[in-house]
**Q** 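Just passing along the structure, written as structure tokens.
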Amino acid sequence: MSALLSVEDLAVNYGHIEAVKGIGFELEAGEITALVGANGAGKSTTLLALSGLLRPARGRVLFDGEDVTRLKPHQIVRRGLVQVAEGRAILATLSVRENLALGAYARRDPAGVAASLEEVFHLFPRLEERLEQKAGNLSGGEQQMLAIGRAMMAKPRLLLLDEPSMGLAPLLVQDIFRTLVAINRTGLTVLLVEQNVRQALRIARRGFVLETGRIVLEGSGDQLLGDPRVVEAYLGG
Amino acid sequence: MSILRHTLLWTAALLAGAAGGAADIKIGLAEALTGGAAQYGVPIRNGFQLAADEINAKGGIQGSKILLVIEDEQGKKEEVINVFKKLIFQDKVLMIFGPTLSNSMFAAGPVANAAKVVAFGTSNTANGITDIGPYIFRNSVMESDVLPVTVATAVKHYKIKKVAVIYGNDDAFTKSGYDVFKKVLADQKIPVTATETYVKGDVDFKAQLTKIKATDPDAIVCSALAEEAANIMLQARSLGIKAPFIGGNGFNSPKLFEISKQAGDGTFVGSPWSNTNPDPANVHFVGAYKQKFGSEPNQFAAQAYDALHIAAAALKSIKLTGRLEADRQALRDALPKVSINGATGPFKFRPAAPKDGKPGGYDADQKPFIYILQQGKFNLYTGK
Amino acid sequence: MEWLANFWATYSTLVYSVGVFALMALSIWLTLACGLLSLANAAFMCIGAYVSALLSLHAGWPFGATLAAAGAAPALVALVIGMPTLRLSGVYLAMATLAFGEVVRIVVLNLEVTGGPEGLNGIPQSTTGWHILAILAVVVYGLLRLQRSRVGRAFEAIREDEVAASLMGINVARHKLFAFVLGAVIAGLAGGLNAHYTFFISPREYGFENAVDILTMVVLGGIGGLAGPMLGAAIITLLPELLRSLHEFRGIVNGLILVLVVLFLPKGIWDPRRLRALFGLGPGRDPGC
Amino acid sequence: MFTQQLLNALTLGSVYALFALGFTLVFGVLAVINLSHGAVFMVGSYAALTLVTRLHLPLGIALPAAMALSGCLGMAIDVLILKPLRARNAPHLIPMIATIGVAIMLSSAAQGIFGAEILRFPEGTIPAGEFTLGEVHVRALELSIVGISFGLMAVLFLAIRRTQLGRALRAIAESPRSASLLGINVEGLFHATSFVAAALGGVAGVLIGLNFNAITPLMGQPILHKGIAVIILGGMGDIRGALLAGLFLGFAEVMSKAYLSSQMGDAVAFGLLFLILLVRPSGLFGRVLERKA
Amino acid sequence: MLTISGLGKHFGGLAVLEDVSFEVPAGGIFGLIGPNGAGKTTVFNLVTGLLKPTTGTVSFEGRSLAGLQPHQITRLGIARTFQNIRIFKEMTLLQNVMVGLHGALGYGPLALLLNQGSFRRAEAEARERALELLSWVKLQDRASMLADNLSYGDQRKLEFARALATGPRLLLLDEPVAGMNPAEKDALMEEIRNIAGRGFGVFLIEHDMRFVMGLCERIAVLNFGRVIAEGSPEEVRNDPGVIEAYLGREDGGAP
């Protein structure tokens, strides 16, 4: 397997603050990778830079061999790098159907879109039941399902998820994580940013620990779960 | 210091010497050439330019050419004061024509009056303009001279029992026209069934007209500018109102029938000027204007054209000394005696009644003509 | 010295206007300084101008007293409409104050006592350069003192973050109302001064365009300090005079200058830090960085 | 009389709504109060006039051509002025002032080119028919204004509601950031929106130029004020709200003139606006489009 | 010191907090923990008056805070910091802290206008006090710098000093160590201990378990808007409900 995404010396500034200070990592195709760390460690900043929403101060992002560092967000999405943003970022005033339709905005294959829609309904039957409702009226869990379902509509090759467990009941978190594993089994590569370190590392094949804008630890999910430093810092050791 | 003073003295002497010969006679023209009032200011400037060209082509005033110093006052009061001061103190003009709007004259007139320079309005019809002081002149005929005749003639012609009124209430010109109408109607004991207003920029008068229609008046008295009046007429007809219109000074424009076509037929207008007045002076003016500017003149252009001829007549009657203050005063004293026959017919001045014991300026003393609109044209009303 | 006398005779009104519009710019600057985008100041100027002119014309009050009334009347109005209005934020406040301004203009247009669209004329010419200079000096001094006190800091804090400011123990609503009312006082004074050197006032001088003109002065000059609004007022007032030779195309240049400043000088012309950097006096940042 | 007034209100209201449509669209999508919209409206009017008088084109061709021209103007304003300001993340007051500058430039340019005098369409440009139904009189021109206004509004409304592009615009209105993460070319749609909004403004200019038969460099000012009132009443950025509020303002104005006093027509409109803002800060009909980003 | 009883907050139909009751004792450091979205910041917003509770009451030193405006509550002696730092970026550090001293400056308008001694004295004292507070967080050297130019960690410290300037008896800290590295965290922990040592009550929200456990004397745990546990760090750490809610289930498999 070769690297689907490789990040080289990525640094991102937020105003005067250097939020990400030159990080590098690679994602293997077909794997789930977890990027973990405390609030403010620079996880979301990294994802926003990967999606083109923040312009890096330096460094390169290669997606499937192509340099996407300077591309616009919509161009990056069209190449199959799709993000489910933090806080679910669903479009509250639009219906569930419209949200899903917009997920396939860049696609020009109606048959493929219809097939993707069936897949999403299969993954999240609840969405089919609520198709005509305004997305803002969904429960927190349903909104997260919609956000992931909508991203799936773009037929991504790499899915970035920013804190999918935030504000969800444990039962729902289990559901979401199970779904992620299922999605991954279809061959989709996943980069997961989480505060729920234990859950994230459990499903991830590899993990990176980010602290104040730097990668301080990396390894397989199991390795990191067992690492005393991780246990102490994030699991309340 | 003394060198400077010498230089100044020399310059003054030179200027004085030059003015004594065949130097240009500088006359200021402050009109609104940009902004909302430019639609009046531009034809006024055209009228002046036409008159100046004619006078200069005929050899000017005792060998001196008239030089118009034209400034844009934008129809804003601060601007008009600035322009007046610039003309008086910097350009050192002999007198000033303008400004375009009555409101502007209220702001700038006192400046000229205090500096003892004639301010001559050609388009200011508001009451009280000439109360500002003895240096304020105008050849624009006040509505209070025109409207009583217009209304009386129309009432007699149509046997009018009651009228409705519509006017623009955010414009000094149309509002003061309305005030006069109101007084005239009260004086002539004609009941008013409805009084409606609109504001500048209104595109739709139907709400008011529908209301007027419901009161079934014998005529509609209208104080509006030509474009608005024409649209009011069109909309009135499209609502099925058949009553004729009686208009004020603002109606005096070819635009009225250009836009309203037959809708304005039967309208009574009183005016010192008309496009179709067959007097040779007017025929000459209309022809020359069309040739020079490629468009129909309007009343504002005609009054401006006459105004310069009035000033020229006054200038011809005096001897310029080159001493600015004396010349300004001489011109001021000569103006009231002028009487000419111009595009607007026979013209002479009438002193304004002193107000609060202070002497006033001079208003126009002109007999209005009454016109009736027929087949989209102004025709002189002959009484049948 | 004749030259100077001539110059002053020609341009004194222009200089007066610069002073009066500097006052207007400061009045809007004051509200902007605590984060309020108010377009009501032209209406406050209108109220001040009419109140003082009417008192001069009909009640025969001395000039000083009419000026005091010119400041007080709009302050009262500002107090009444400020309480409900200042709850609105951003463009909604701008639009509500704009609507208020239109209502004032239309009411003045339709009253008998104000002379309707014909306005008031024959107002005695009581304003002299010294009056304007003195009031401008007092206002600038007062605002400078204010700026350097807890009130000034509170304004700035409110502008940056209302919530954080309230948690610093600042009564946000009261400070906003204070800025709004004080702005109205300054605008009213400017109106009173203006009415007494132009002989004439009419409702058309206090419409939307005028409100926007004054706002433009502040944005053009810069809101970083007191110098910016005054500089902006001077430029906007003098520009038409300077561009006089361009005739009907001067509007284009006028608009273009506005657009270019907004595009290329985001903090306005008077931006102390940029100026310092420009003239090589340090790195354009405060020392210690 | 009431039926007639109702019809009067409908004509006036639909003109307001048509003008406000582009205005509110730009606010909804770009979050900019574009005060040059009145000037664009004026440019549309002059463009159609020039095409009719100089090139002797029939109105049927001049109208869409003027629409396209004003659209291009709108797009140029967006690309040249609003885009750099967006890139800089300028506070909302700044683009508003920039558009004031544009408005001054455009109306001065119009005056420089066409003069300050009132211009009008030559005779025969305008459909002249009119008819009477009982007490009610209607001109064909007015009917076509109502027709074109409602037609364009319906097309726009359906486009926004039903098409993928419309959904994308609503997504941008809610959050440009979320929209771009969905693969929507946000900048491109900003330009497109500016084009459409200005084109609508231009059409409104032509229609009013035809109806009032008076085209001047400053004709955009009064309607701009009404447009501001409409989009606030309708809830800023709300298309349906603009339609309803335009009609509502038309009714309020006509009815206050008809049954209260014609002097206070505008005072009623703005007084109402003021009060409504105090009671319902997000407008009478609409909701605020809150931006998350 | 701070008593919260039966507190509930609904946004539309969504209940963010329900029947939350606990007591923050005078002196010492009290922690409120819970997963993201559990409603912790909402508690702070209710206490400081930024939100009005749907049910329940908050009282401070025996006095009910119901109906009070945020600035009034601040003046009673409660100050707070924010999760996403809210300093005044365009102002200098000194000015930031002096804004916090707003309530303490009592000069009248006349003194202000005439630049009287009382005004100058009060301002000078405020300046001194502000510099002292900056020195507590070791920022006194950069007092005249714009706050925007500070690093993330220093911005947090500045926010701290600014909160202390309002003269609180209770300090509410919302995730004070978010975005800090372990060394910075340790340093800040010391600062907070120092501040508590000076007699301020501290009530903090935090994610970082190590930090909370090491610092707090008592902890309440919030999950889904309800208090699920309260007690000493030891008690909380061993509470099975807390472990499940906060750390996720041990057996990540099927339910």
Side-chain angles (χ1 to χ4, degrees), chain B residues 1 4-5 8-9 11-12 33-36 38 42 70-72 74-92 101-111 114-115 126-129 131-132 168-176 178-179 197 199-200 355-356, chain C residues 1-18 20-21 49 102 105-106 108-112 115-125 194-195 197-205 207 209-210 213 237-238 240-241 243-252 254:
Chain B
M1 206 55 194
L4 181 66
R5 231 173 75 197
L8 283 172
L9 283 173
T11 318
L33 303 176
T34 57
V42 171
I70 302 171
E71 291 292 349
D72 177 15
Q74 293 181 297
K76 292 182 189 161
K77 67 169 187 180
E78 273 93 358
E79 200 69 18
V80 78
I81 293 176
N82 291 340
V83 163
F84 261 55
K85 287 186 163 179
K86 177 177 177 290
L87 290 172
I88 293 171
F89 298 110
Q90 192 146 311
D91 299 328
K92 303 194 189 306
L101 300 174
S102 294
N103 285 353
S104 304
M105 184 59 114
F106 281 125
V111 173
N127 280 325
I129 288 275
D131 292 344
I132 294 170
N169 78 329
D170 67 336
D171 180 88
F173 178 71
T174 54
K175 169 67 167 41
S176 76
Y178 161 72
D179 289 340
T197 64
V199 295
K200 225 176 277 164
K355 202 186 167 198
D356 307 333
Chain C
M1 287 307 96
E2 190 189 328
W3 175 84
L4 191 67
N6 244 340
F7 177 85
W8 182 248
T10 309
Y11 292 109
S12 59
T13 309
L14 201 60
V15 175
Y16 290 1
S17 298
V18 170
V20 164
F21 285 102
E102 281 294 288
R105 192 180 62 81
I106 294 164
V108 169
L109 202 57
N110 285 292
L111 285 181
E112 279 294 319
E118 287 145 279
L120 294 175
N121 64 68
I123 303 165
Q125 198 189 20
N194 179 259
Y197 72 82
T198 56
F199 310 97
F200 168 79
I201 51 174
S202 79
R204 61 155 64 207
E205 296 155 35
E209 283 76 21
N210 308 78
D213 270 355
T237 313
L238 296 178
E241 242 10 80
L243 300 179
R244 189 168 274 289
S245 57
L246 294 171
H247 300 295
E248 49 262 274
F249 290 94
R250 69 177 164 176
I252 302 178
N254 215 336

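Computed from a predicted structure; not experimentally measured. Lettering of chains follows the sequences in order, A, B, ..., and the numbering in each one begins at 1. Below, all heavy atoms of this structure are taken into account, side chains as well, without hydrogens, waters or symmetry copies.
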**Q** Measure distances from Thr198(C) to the heavy atoms of chain B and classify the residue's part below 4.5 Å as side chain, backbone, both or neither.
**A** both
**Q** Lys86(B), Gln90(B), Lys76(B): which one forms the most heavy-atom pairs within less than 4.5 Å of chain C?
**A** Gln90(B)
**Q** Can a donor-acceptor pair be found between the side chains of Thr13(C) and Lys85(B) at a distance below 3.5 Å?
**A** yes
**Q** For chain B, which candidate among Tyr16(C), Phe200(C), Phe7(C) shows the most heavy-atom pairs at distances under 4.5 Å?
**A** Phe200(C)
**Q** So which part of Lys77(B) gets closer than 4.5 Å to some heavy atom of chain C, the side chain, the backbone, both or neither?
**A** side chain
**Q** Tell me, please, which residues at least two apart from Asp171(B) pass salt bridge (Lys or Arg N to Asp or Glu O under 4.0 Å).
**A**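 In terms of salt bridge (Lys or Arg N to Asp or Glu O under 4.0 Å), with neighbours along the sequence ignored, Asp171(B) is linked to Lys200(B).
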**Q** Looking only at side-chain N and O atoms, does Glu78(B) offer a donor or acceptor that is under 3.5 Å from a partner on Asn194(C)?
**A**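 Distance-only check passes for Asn194(C) and Glu78(B).
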**Q** Could you tell me which portion of Asn127(B) (side chain, backbone, both or neither) has an atom closer than 4.5 angstrom to a non-hydrogen atom of chain C?
**A** neither
**Q** Using non-hydrogen atoms and a 4.5 Å limit, figure out which bit of Ile88(B) sits close to chain C: side chain, backbone, both or neither.
**A**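 Contact with chain C involves no heavy atom of Ile88(B) at all.
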**Q** State the OG-CZ distance between Ser104(B) and Phe84(B), to the nearest 0.5 angstrom.
**A**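 Result: 8.5 Å between the selected atoms.
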**Q** Please round to the nearest 0.5 Å and tell me the distance separating atom OG1 of Thr174(B) and atom OH of Tyr178(B).
**A** 11.5 Å
**Q** With a 4.5 angstrom heavy-atom cut-off, is it the side chain or the backbone of Glu205(C) that approaches chain B, or both, or neither?
**A**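 Only the side chain of Glu205(C) comes within 4.5 Å of chain B.
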**Q** Hey, could you give me the CZ/CG distance between Arg204(C) and Asp170(B), rounded to the nearest 0.5 Å?
**A** 8.0 Å
**Q** Hey, which of Ile81(B), Asp179(B), Asn103(B) has the most heavy atom pairs under 4.5 Å with chain C?
**A** Asn103(B)
**Q** Check each atom of Ala126(B) against the heavy atoms of chain C and say whether the ones under 4.5 Å are side chain, backbone, both or neither.
**A** neither
**Q** Rounded to the nearest 0.5 Å, what separates atom CD1 in Ile123(C) from atom CD1 in Ile201(C)?
**A**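 Between atom CD1 of Ile123(C) and atom CD1 of Ile201(C) there are 4.5 Å.
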**Q** Given that the side chain runs from C-beta out, which part of Ser102(B) has a heavy atom under 4.5 Å from chain C: side chain, backbone, both or neither?
**A**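 For Ser102(B), there is no contact with chain C at all, as no heavy atom is under 4.5 Å.
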